[in-house]
Engineer: 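This is the structure I have questions about; it appears just below.
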Amino acid sequence: MLKQGLFPDAHVLPSVIKACAGLLAVKIGKQVHGFSLASGISLDSFVQSSLVHFYVKCDELVDAHKLFDNMVERDVVSWSALAAGYARKGDAVNARKVFNEVKNLGFQPNTVSWNGMIAGFNRSGCFLDAVLMFQQMHKHGFKSDGTSISSVLPAIGDLGYLSSGTQVHGYVIKNGFAVDKCIVSALIDMYGKCGYALEMSQVLEDMGQVEVGACNALITGLARHGLVDKALGVFKELQGQQMELNVVSWTSVIACCSQHGKDIEALELFREMQASGVKPNAVTIPCLLPACGNIAALMHGKAAHCFSLRRGISGDVYVGSALIDMYANCGKIQLARCCFDRMSVRNLVCWNAMLGGYAMHGKAKEAIEFFLLMQRSGQKPDSVSLTSLLSACSQSGLTEEGHRYFDRMTTDHGIKPRVEHYACVVSLLGRAGKLEEAYSMIEKMPFEPDACVWGALLSSCRVHHNMSLGGVAARKLFELEPKNPGNYILLSNIYASKGRYKEVDKIRDIMGDKGLRKNPGCSWIEVKNKVHMLLAGDKSLPQMAQIMEKLNRLSIEMKKAGYSPNTDYVLQDVEEQEKEHILCGHSEKLAVVFGILNMSPGSPLRVTKNLRICGDCHAVIKFISRFERREIFVRDTNRYHHFKDGDCSCGDYW
DNA sequence: ATAGGGTTAG
């Protein structure tokens, strides 16, 4: 229009501004604002009103308020938009102030004004304010409509106010809203959040039709209850019925998988999603990336990264934090840092993701440096940051530094130590061999120690072969987590390392009585864009014969080099030969050898494991890294081990 | 011809 020499007037401009608001195009909107000032139509009330809306939508409340104050003719619509804008920002004080001023000036808020406030508070997480607004609305004689209800229900759910939720449900039925798709989705979501799984399907059934949004809410609700297979079942059924699935459906089911240990399924669903023609968006990627990180599927993670770059969503803070986390989990700590450095907007989650990465890699020096950078950049750390920092110190044996950060948490950062910080200190002391100090730390704790704290002590006792304190910690853990087989295994490891096989047998009997079995060891490795899962002692593997042959050859070389198998890690009281054989079946060894056989010479191997790496495997993989000239990354449930030239990044401190 | 409010995925 401008190019043709036509001059936009006060009738056209509001439409342009509305489009800017819809796209959240702040820069262009401001240019249009400038244009209106220059062309003298900025005093038009339609132009002004649309600009107020534009600034509110873009969260530029200062500009919105300034404009509002200068308006020639203020109206209810702009008043309520401004009030709702503050609510969207979570600024309840200003939201209420502006909202109440409406009445002082003789305006009456209308239903839309109330709804804007409810939706605004809901968006910013001020759930109680949202519910209060809903109640006040009724007190002031307004009847809530479909919009009010679908805005207030998520807030009710997040607060877990089941009785309010049921009341609203009754109101919905009485007023014939039970077929409105937004309301039905919101109701299902509310019941899911309040812990009522059965009600969810009932609401859906009452609607009398299959609606995709409502089904999406059901999938998420089921996943929230851990009913993962049911959630997947609903999804598959919709697929079978040729239901038009949207981006939320796919994202929900991918999130469901990546949050519940079905990582390979999540990757497969992402592929299917793209094949089906539904475009992933800035929410899909942070749901998918944890699946890549969980099993160190670096190629899949990189593909998702490229996808984000192509789609222009790599600057999103959620995408960015998920990328940092993924690269750190895949052993690519430098790439994680590159992503961090390239972000133009960062929040606390991004900083914590990076700090957590350094901790997982046992890079305490980098973690401390990064922690200082964080403060210099004006980002205040929270209790998560401190946990990572302390855990980094404990991983690499920086006992004194760690202790100092712990002591100064409250004075320097205003963060009161929580139970997880105590767990870090217990582990800090315990790993350093100061088991008695660790124990007295537990006794001095101002609150009840939890399983993490006792677990930290037990693991340290495992490292230092301390039977007495190990027994104390284990007994506590048996009370706190009677169904966790890991604690029984750790204690029997201690006994086995001292040759006390009677005790080992006793523990095995107790486990048997309780119906507990050692979690099977399981490792993953990505070879040529495909992720392979290897189970300990897995005989069904097609290449098993080749793997065992290679392992035997390696073991001959190792013995020549003076290595002897560390059979402490075998709990069965069997012959040494048999023990060696059992060690050979450990999933991390299988995965490493599988990688060597199938990946080009010299390329690094990335393995993840569902349990902690075994000491013998650790020694073997160190040897392999030198003998085969391979960098090998193994991430266990505790940290990263980076093997290179016969050494490991953990410095054998674990 | 021009201005306002909703659900389900992180």
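Chain A is the first sequence line, chain B the second, and so forth, proteins listed ahead of strands; every chain is numbered from 1. On a predicted model such as this, the values are computed, not experimentally measured, just so you know.
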Engineer: Which part of the nucleic acid does Asp325(A) contact within heavy-atom distance under 4.0 Å: base, sugar-phosphate only, or nothing?
Structural biologist: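 Counting heavy atoms under 4.0 Å across all strands, no contact is made by Asp325(A).
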Engineer: I'd like to know if Asn110(A) reaches the base of dG4(B) with its side chain, counting only an N/O donor and acceptor under 3.5 Å.
Structural biologist: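 Answer is yes: a donor-acceptor pair is held.
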Engineer: Would you mind classifying the nucleic acid contact of Asn246(A) as base, sugar-phosphate or nothing, using non-hydrogen atoms under 4.0 angstrom?
Structural biologist: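 Nothing, no nucleic acid heavy atom in range.
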Engineer: Need one value for Ser150(A): base, sugar-phosphate or nothing, where a base atom within 4.0 Å counts as base even if backbone is also close, heavy atoms only.
Structural biologist: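 Since a base atom lies under 4.0 Å of Ser150(A), the category is base.
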Engineer: Can you tell me which nucleotide in dG10(B), dT8(B), dG5(B) comes closest to the side chain of Tyr318(A)?
Structural biologist: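 Among dG10(B), dT8(B), dG5(B), the one nearest the side chain of Tyr318(A) is dG10(B).
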Engineer: What nucleotide, of dA3(B), dG6(B), dA9(B), holds the atom closest to the side chain of Cys287(A)?
Structural biologist: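 It is dA9(B).
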Engineer: Report the relative orientation of the aromatic rings in Phe307(A) and Phe270(A); use parallel for angles under 30°, tilted for 30 to 60°, perpendicular for over 60°.
Structural biologist: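 Perpendicular: the ring planes of Phe307(A) and Phe270(A) meet at over 60°.
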Engineer: Given dT2(B), dA9(B), dG10(B), which nucleotide is nearest the side-chain atoms of Gln259(A)?
Structural biologist: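 Side chain of Gln259(A) sits closest to dG10(B).
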Engineer: Using a heavy-atom cut-off of 4.0 Å across all strands, would you classify Asn281(A) as base, sugar-phosphate, or nothing?
Structural biologist: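 Here Asn281(A) touches the bases of the nucleic acid.
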Engineer: What's the closest nucleotide to the side chain of Lys57(A) if the choices are dA9(B), dA3(B), dG5(B)?
Structural biologist: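 The listed nucleotide nearest to Lys57(A)'s side chain is dG5(B).
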Engineer: Just to be sure I understand the rule, does Pro154(A) reach a base, reach only the sugar-phosphate, or reach nothing, if contact means heavy atoms closer than 4.0 Å?
Structural biologist: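 Sugar-phosphate, backbone atoms only, no base.
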Engineer: Of all the choices, dT8(B), dG4(B), dA9(B), which nucleotide is nearest to the side chain of Ala217(A) once you look at every atom?
Structural biologist: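 Between dT8(B), dG4(B), dA9(B), the one nearest the side chain of Ala217(A) would be dT8(B).
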Engineer: Looking at dA1(B), dG5(B), dA3(B), which one has an atom nearest to any side-chain atom of Lys18(A)?
Structural biologist: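 Side chain of Lys18(A) sits closest to dA3(B).
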Engineer: Between Phe370(A) and Phe340(A) (judged by ring centroids, cut-off 6.0 Å), do the two rings come close enough to count as a pair?
Structural biologist: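 Distance test on ring centres: under 6.0 Å, yes.
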Engineer: In whole Å, what is the span from the CZ atom of Arg74(A) to the C1' atom of dG4(B)?
Structural biologist: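 It works out to 18 Å between those atoms.
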Engineer: Within the structure shown, what part of the strands sits under 4.0 Å from Ser151(A) by heavy-atom distance: base, sugar-phosphate, or nothing?
Structural biologist: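 It contacts sugar-phosphate atoms only.
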Engineer: Aromatic rings Tyr171(A) and His138(A): how do their planes relate, parallel, tilted or perpendicular, breaks at 30° and 60°?
Structural biologist: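 It falls in the perpendicular class, over 60°.
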Engineer: Round to the nearest Å and state the distance from Ile149(A) atom CD1 to dT8(B) atom C1'.
Structural biologist: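 Computing the Ile149(A):CD1 to dT8(B):C1' distance gives 17 Å.
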Engineer: Closest approach to the side chain of Thr251(A), judged atom by atom: which nucleotide of dA9(B), dG6(B), dT7(B) is it?
Structural biologist: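 Side chain of Thr251(A) sits closest to dA9(B).
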Engineer: Please check if the distance between the ring centroids of Phe54(A) and His33(A) is under 6.0 Å.
Structural biologist: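 Phe54(A) vs His33(A): aromatic centres not under 6.0 Å.
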Engineer: Of Tyr86(A), Phe68(A), Phe99(A), which meets ring pair (Phe, Tyr, Trp, His ring centres under 6.0 Å) against Trp79(A)?
Structural biologist: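 That would be Phe68(A).
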Engineer: Which part of the nucleic acid, if any, lies within reach of His11(A) when heavy atoms closer than 4.0 Å are counted: base, sugar-phosphate only, or nothing?
Structural biologist: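 The answer is base, as His11(A) lies within the cut-off (heavy atoms under 4.0 Å) of a base atom.
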Engineer: Heavy atoms only, 4.0 Å cut-off, all strands: where does Ala282(A) land among base, sugar-phosphate and nothing?
Structural biologist: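 The answer is base, as Ala282(A) lies within the cut-off (heavy atoms under 4.0 Å) of a base atom.
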Engineer: Under 4.0 Å between any heavy atoms, over every strand shown, what does Ala81(A) touch: base, sugar-phosphate, or nothing? Just pick one.
Structural biologist: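 Here Ala81(A) touches no strand at all.
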Engineer: Which one, dA9(B), dG4(B), dG5(B), comes nearest to the side chain of Val247(A)?
Structural biologist: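 Comparing dA9(B), dG4(B), dG5(B) against the side chain of Val247(A), the answer is dA9(B).
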